[in-house]
Number of protein chains: 2
Amino acid sequence: MRSIGKRIELLKVVAHPVRIKILEELTKGVKCVSDFEEFLEISQPNVSQHLSLLRRFGVIDYYVDGRLRCYFLKDPIVPDIIKLLNRDYYEELPAPACCPVTKKGKYPGQKRR
Amino acid sequence: MRSIGKRIELLKVVAHPVRIKILEELTKGVKCVSDFEEFLEISQPNVSQHLSLLRRFGVIDYYVDGRLRCYFLKDPIVPDIIKLLNRDYYEELPAPACCPVTKKGKYPGQKRR
DNA sequence: TAAAAATATAATAATATTTGAATATATTGT
DNA sequence: ACAATATATTCAAATATTATTATATTTTTA
């Protein structure tokens with residue numbers, strides 16, 4: 001069971017536009033590096049770097065097939081993060097329950113200008 | 001409705017140990033800056049900096065009570081992110097379904113050494 | 001066995017994030 | 001009006017992240 005610190009690190013590693021695209025693609029199935037090169041519009045070394053970062057954090061793993069590397073998802077939190085990212089939220093959170101809530105002050109005072 | 005880019009930015013802003021602590025605290029109720037100072041072990045200006053970053057991204061907001069600022073959660077994705085972070089995962093994802101899945105290669109080959 | 005293909009690694013440069021220190025602002029109480 | 005309190009802002013230094021370029025490694029194929 002991962003520490004809270006590790007979980008936050010993981011979240012940070014995942015929170016990058018290219019890496020999210022990679023992971024979304026991997027939720028659909030196995031992909032090799034050149035598959036990614038096609039639809040991400042970045043250089044091959046950059047793809048490799050993102051993949052290797054994700055691997056270093058245990059997010060993904062791969063099988064070797066000749067000169068190909070077939071990457072796949074490993075960390076079970078990933079599909080949940082992706083679902084969360086695609087969920088739509090229409091309303092702000094409701095204002096907190098009223099009056100002296102903080103230790104020193106009372107809520108609500110004036111709305112910030 | 002937020003673009004996917006904005007959602008990822010949001011995730012990145014949230015993925016920081018101090019800011020997660022702030023947000024976890026705010027899920028329990030309204031807090032003012034000096035409340036945070038007590039249990040985060042960082043300087044007052046640094047608390048303010050994190051709060052102001054979170055505010056800039058619309059994650060939190062505040063009411064003014066005299067010289068206090070009573071902060072509260074605003075973005076509805078936050079409680080879901082926190083739940084996700086605290087969820088326990090015991091198993092790795094199952095290996096993907098077998099054989100020719102990538103465009104060019106076959107999966108699985110040899111497991112990486 | 002040499003060339004080509006697929007991918008990785010290393011070094012660097014550009015940029016962004018984080019913190020700390022000093023200072024500023026606003027509000028209350030005297 | 002002045003001092004004290006609560007908080008914010010600004011600037012700079014330290015550090016981390018990202019992308020680019022060049023090069024290396026591994027495997028297959030000719």
Side-chain angles (χ1 to χ4, degrees), chain A residues 5 8-22 30-57 59-72 102-113, chain B residues 5 8-22 26 30-57 59-72 102-107 109-113:
Chain A
I8 296 170
E9 273 184 12
L10 193 265
L11 201 63
K12 188 174 156 193
V13 164
V14 164
H16 181 288
V18 168
R19 292 193 290 269
I20 286 285
K21 278 189 198 167
I22 288 175
V30 179
K31 292 274 174 305
C32 66
V33 180
S34 45
D35 293 337
F36 291 121
E37 256 178 283
E38 273 184 32
F39 86 100
L40 304 170
E41 304 197 317
I42 62 178
S43 68
Q44 176 273 312
N46 200 8
V47 174
S48 268
Q49 287 174 151
H50 286 297
L51 289 171
S52 114
L53 183 66
L54 289 169
R55 192 154 41 81
R56 188 155 61 255
F57 281 83
V59 184
I60 63 180
D61 198 357
Y62 63 82
Y63 276 90
V64 174
D65 174 31
R67 50 195 172 196
L68 302 176
R69 295 203 180 181
C70 302
Y71 280 90
F72 57 90
T102 66
K103 284 193 191 142
K104 306 178 177 174
K106 62 177 182 301
Y107 162 89
Q110 325 138 231
K111 182 80 173 172
R112 84 182 165 94
R113 61 295 58 156
Chain B
I8 296 170
E9 273 185 14
L10 193 265
L11 202 63
K12 188 174 156 191
V13 164
V14 165
H16 181 288
V18 168
R19 292 194 289 270
I20 285 286
K21 279 189 198 168
I22 288 175
L26 286 180
V30 179
K31 291 273 175 306
C32 65
V33 179
S34 43
D35 294 336
F36 291 121
E37 256 178 282
E38 274 183 32
F39 85 101
L40 303 171
E41 305 196 317
I42 60 177
S43 67
Q44 175 274 313
N46 199 9
V47 174
S48 271
Q49 285 166 349
H50 286 297
L51 289 171
S52 113
L53 182 65
L54 289 169
R55 191 153 42 81
R56 187 153 64 255
F57 280 83
V59 183
I60 63 179
D61 199 358
Y62 63 83
Y63 275 87
V64 175
D65 173 31
R67 50 195 169 193
L68 302 177
R69 296 204 180 180
C70 302
Y71 280 89
F72 56 90
T102 65
K103 283 192 192 141
K104 306 178 178 175
K106 60 177 183 301
Y107 162 90
Q110 325 139 231
K111 182 79 174 175
R112 84 184 167 93
R113 67 285 78 127

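Residue numbers start from 1 in every chain, and the chains themselves are labelled A, B, ... in the order their sequence lines are given, proteins ahead of strands.
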Taking the side chain of A:Pro45 as its heavy atoms from C-beta onward, which of D:dT9, C:dA4, C:dA8 lies nearest to it?
C:dA8

Check the distance between C:dA6's P and A:Arg67's CZ and give it to me in whole angstrom.
6 Å

Given the structure, check if the side chain of B:Gln44 and the base of D:dA8 hold any donor-acceptor pair shorter than 3.5 Å.
yes

With the side chain counted from C-beta on, respond yes when B:Ile42 and B:His50 share a heavy-atom pair under 4.5 Å apart, and no when they do not.
yes

For the pair A:Glu38 and A:Ser34, evaluate side-chain hydrogen bond (donor to acceptor under 3.5 Å, both in side chains) and give the outcome as yes or no after the intermediate values.
CA-CA 6 Å; A:Glu38 273 184 32; A:Ser34 45; over 6 Å; no

Considering only side-chain heavy atoms of B:Leu68, which listed nucleotide, D:dA6, D:dT9, C:dT18, is closest?
D:dA6

Side-chain heavy atoms of A:Ser52 within contact of A:Arg56, under 4.5 Å:
yes

Does the side chain of B:Phe72 come within less than 4.5 Å of B:Asp61's, by heavy atoms?
yes

Whole angstrom is fine here: how far is it from CD in A:Glu41 over to P in D:dA19?
14 Å

Spacing between B:Gln49 atom CD and D:dA13 atom P, to the nearest angstrom:
16 Å

Taking the side chain of B:Ser48 as its heavy atoms from C-beta onward, which of C:dT9, C:dA4, D:dT9 lies nearest to it?
D:dT9

Per the atom types in the model, does the base of C:dT7 pair as donor or acceptor with the side chain of A:Glu37 at under 3.5 Å?
no

Would you say a side-chain N or O of A:Tyr71 is under 4.0 Å from OP1 or OP2 of C:dA8?
yes

What is the separation between atom NZ on A:Lys21 and atom P on D:dT18, rounded to the nearest whole Å?
15 Å

Rounded to whole Å, the OH-C1' distance (B:Tyr63 to C:dA26) equals 20 Å

Check whether any side-chain N or O of A:Arg19 sits under 4.0 Å from OP1 or OP2 of D:dT18, and answer yes or no.
yes

Base, sugar-phosphate, or nothing: which does A:Ser34 touch, judged by heavy atoms less than 4.0 Å apart?
sugar-phosphate

Of A:Gly66 and A:Asn46, the one whose closest DNA chain D nucleotide lies more 5':
A:Asn46

Distance check needed: D:dT9 C1' versus B:Arg56 CZ, whole Å only.
11 Å

Quickly work out the A:Ile8 CD1 to C:dT18 C1' distance and round it to whole Å.
15 Å

Pick the nucleotide of DNA chain C nearest each of A:Leu51 and B:His50; which residue has the one closer to the 5' end?
A:Leu51

Using atom types as modelled and distance alone, determine if a side-chain donor or acceptor of A:Arg19 lies under 3.5 Å from a backbone N or O of A:Leu54.
no

For B:Arg69 and D:dA6, is the shortest distance between a side-chain N/O and OP1 or OP2 below 4.0 Å?
no

Interatomic distance, A:Asp61 CG vs C:dA8 P [rounded to whole Å]
12 Å

Is any side-chain nitrogen or oxygen of A:Lys12 closer than 4.0 Å to OP1 or OP2 of D:dT17?
yes

